[in-house]
Amino acid sequence: MIKSPILFLAASLFAAAYSPAGAADKLILAVSQKGQWDTSMPALGVEKGFFKEEGIEVELFYTNGTAETQQAVLSGSVDIGVAVGFLGLLPAYAKGAPVRVIASEWTGANDFFWYVKADSPIKDMRDATHKTIGFSTNGSSSNLVLLELLKQTGVKAQPVPTGGTAATMTQVLSGQIDIGWSQAPLGLQDVAAGKLRIVARGSDVKSVAEQTTRVTISTAERLATKREVMKRFMRAYQRTLDWAYSGPAAADSFAAAIKVSPALMRATVEQHYPKSAMRLDEVRGLEQTMRQAVELKRLAAPLKQDQIAELIRIIHGK
């Protein structure tokens with residue numbers, strides 16, 4: 001078990017040792033933001049035995065977002081980091097960090113929404129000028145989408161890193177922040193109950209609709225020494241995705257785990273998490289990502305083609 005202080009919650013799901021040749025190959029994962037549909041795929045794959053069938057034992061830990069997941073990977077504490085904001089990854093690579101993108105994790109922003117308390121005077125983003133508005137951590141996908149939302153609307157709100165969805169909810173309800181962020185389905189029950197109101201959705205942000213905002217990462221050293229294991233890992237990951245979208249069983253299982261109704265979870269998958277946004281084999285919108293990174297002073301200049309080729313090392317499970 002890892003003792004790193006940046007890893008917050010150990011998953012209770014572990015694959016049993018198995019391999020055609022004997023003991024299973026082990027991979028340790030840091031996964032950003034527990035409770036989201038897309039980041040649940042590794043745990044669902046363990047539950048269904050897909051990784052076990054590929055001779056892999058998977059150990060999962062959850063973090064509060066991009067910065068913590070990236071740090072866990074670069075420190076060598078874990079083999080793979082899942083759901084890392086691509087924007088936040090670029091400065092580390094540009095400064096010489098041996099980080100590598102091994103898969104796309106999420107494209108677009110359909111999963112995000114911003115909300116206020118039901119009695120808030122803020123009705124929509126037009127009322128958000130000079131108000132505090134949350135995102136998870138610097139460099140995260142929620143950070144990027146929020147900045148693009150403010151740019152699109154022309155609203156001069158004050159972005160504030162508020163951590164995970166639960167911590168953000170506490171800050172909104174206690175009045176520490178005006179507008180909170182969340183990822184479906186977390187918070188949607190409170191919206192349905194009239195306790196919260198949505199004032200903006202990630203799907204409103206047209207500029208990121210076709211842009212890969214989160215990726216799965218490893219390091220150059222891990223890629224060199226564990227490439228074949230990672231290839232089997234990605235094969236099991238794809239099998240998990242295919243199963244998760246083959247019927248309601250995965251959504252129902254996930255609903256039970258996070259204590260929301262199956263109906264809400266099924267609607268969440270249908271409305272917020274299209275399977276097309278979870279393609280593993282293509283990082284999209286690179287030119288736009290480079291432009292944003294320069295505009296936001298994450299990079300001094302766009303990465304060159306040879307740098308992009310070194311950074312993005314997609315592993316195909318076939």
Side-chain angles (χ1 to χ4, degrees), residues 2 4-13 29-44 60-73 75 77-78 80-89 105-106 109-117 132-147 149 157-191 195-196 198-202 213-217 254-255 257-260 264-265 268 272-273:
I2 295 177
S4 171
I6 65 172
L7 298 174
F8 283 76
L9 182 61
S12 60
L13 300 171
L29 276 60
V31 183
S32 300
Q33 302 292 354
K34 186 176 184 180
Q36 276 72 57
W37 172 250
D38 63 304
T39 62
S40 73
M41 294 301 136
L44 288 171
L60 299 174
F61 295 87
Y62 291 93
T63 78
N64 271 333
T66 286
E68 294 166 3
T69 302
Q70 182 174 299
Q71 185 179 345
V73 171
S75 71
S77 298
V78 303
I80 293 172
V82 178
V84 173
F86 193 24
L87 181 69
L89 190 69
E105 199 274 341
W106 181 252
N110 280 21
D111 52 332
F112 289 128
F113 64 92
W114 280 264
Y115 64 89
V116 295
K117 292 190 293 184
T132 51
I133 183 167
F135 64 92
S136 61
T137 58
N138 289 317
S140 64
S141 55
S142 62
N143 186 190
L144 170 63
V145 175
L146 174 57
L147 292 175
L149 172 65
Q158 180 184 344
V160 178
T162 54
T165 54
T168 300
M169 180 77 74
T170 298
Q171 292 171 68
V172 171
L173 296 179
S174 63
Q176 298 174 64
I177 190 168
D178 298 306
I179 306 170
W181 78 278
S182 192
Q183 280 176 280
L186 301 181
L188 291 181
Q189 283 185 310
D190 292 318
V191 171
K195 298 177 182 178
L196 303 174
I198 294 176
V199 296
R201 300 177 184 272
T213 53
R214 296 193 292 273
V215 292
T216 293
I217 66 171
F254 186 58
I258 64 171
K259 297 181 173 55
V260 301
L264 174 62
M265 194 60 233
T268 294
H272 296 274
Y273 291 96

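Sequence positions, counted from 1, serve as the residue numbers for this chain. These numbers come from a predicted model, not from an experiment.
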Shortest non-hydrogen contact between Leu29 and Pro42, atoms and distance: CD2-CB, 3.9 Å
Spacing of Thr63 atom OG1 and Lys34 atom NZ [to the nearest 0.5 Å]: 12.5 Å
Nearest atoms (heavy-atom pairs only) where Gly187 meets Leu196: O-CD1, 4.1 Å
With sequence neighbours excluded, what pairs up with Ser40 under the side-chain contact (heavy atoms from CB on, under 4.5 Å) test? Trp37, Leu44, Phe254
Taking only residues two or more places apart in sequence, or in another chain, which ones meet Thr168 in a side chain to side chain donor-acceptor pair (under 3.5 Å)? Thr162, Trp181
d(Leu146 CG, Ser141 OG) to nearest 0.5 Å is 11.5 Å
If you compare all heavy atoms of Tyr62 against all heavy atoms of Ala43, which two are closest, and at what distance to 0.1 Å? OH-CB, 3.7 Å
Test Leu149 against Trp114 for side-chain contact (heavy atoms from CB on, under 4.5 Å), laying out the working first. CA-CA 11 Å; Leu149 172 65; Trp114 280 264; 4.2 Å; yes
Kindly give the heavy-atom pair with the smallest separation between Thr165 and Ser182, and that separation in Å. CG2-OG, 3.9 Å
Gap separating the CG atom of Asn138 from the CG atom of Leu144, nearest 0.5 angstrom: 12.5 Å
Which residues pass the salt bridge (charged side-chain N to carboxylate O under 4.0 Å, His left out) test with Asp178, not counting sequence neighbours? none
Spacing of Met41 atom CE and Thr216 atom OG1 [to the nearest 0.5 Å]: 12.0 Å
Please check: side-chain N/O of Thr137 versus main-chain N/O of Ser140, any donor-acceptor pairing under 3.5 Å? no
Just how far is it from atom CD of Gln33 to atom CG of Asn64, taken to the nearest 0.5 Å? 6.0 Å
side-chain contact (heavy atoms from CB on, under 4.5 Å) with Val84: which of Val31, Val73, Ile217? Ile217
Trace of the side-chain contact (heavy atoms from CB on, under 4.5 Å) decision for Gln171 with Thr132: CA-CA 11 Å; Gln171 292 171 68; Thr132 51; over 6 Å; no
Rounded to the nearest 0.5 Å, how far does OG1 of Thr66 lie from CG of Asn143? 9.0 Å
Of all residues at least two apart in sequence or in a different chain, which pass the side-chain contact (heavy atoms from CB on, under 4.5 Å) check with Ala83? Ser32, Thr39, Glu105, Arg214
Leu264: what forms a side-chain contact (heavy atoms from CB on, under 4.5 Å) with it, not counting sequence neighbours? Leu188, Gln189, Val260, Ser261, Thr268
So, for Pro185 and Met265, which heavy atoms are closest and what is the spacing to 0.1 Å? CG-SD, 3.7 Å
By ring pair (Phe, Tyr, Trp, His ring centres under 6.0 Å) - contacts of Phe135 (at least two apart): none
Exactly one candidate in Arg201, Gln183, Gln36 meets side-chain hydrogen bond (donor to acceptor under 3.5 Å, both in side chains) with Asp111; the answer is Gln183
Atom of Met169, atom of Asp190 and distance for their closest heavy-atom approach: CE-OD2, 3.8 Å
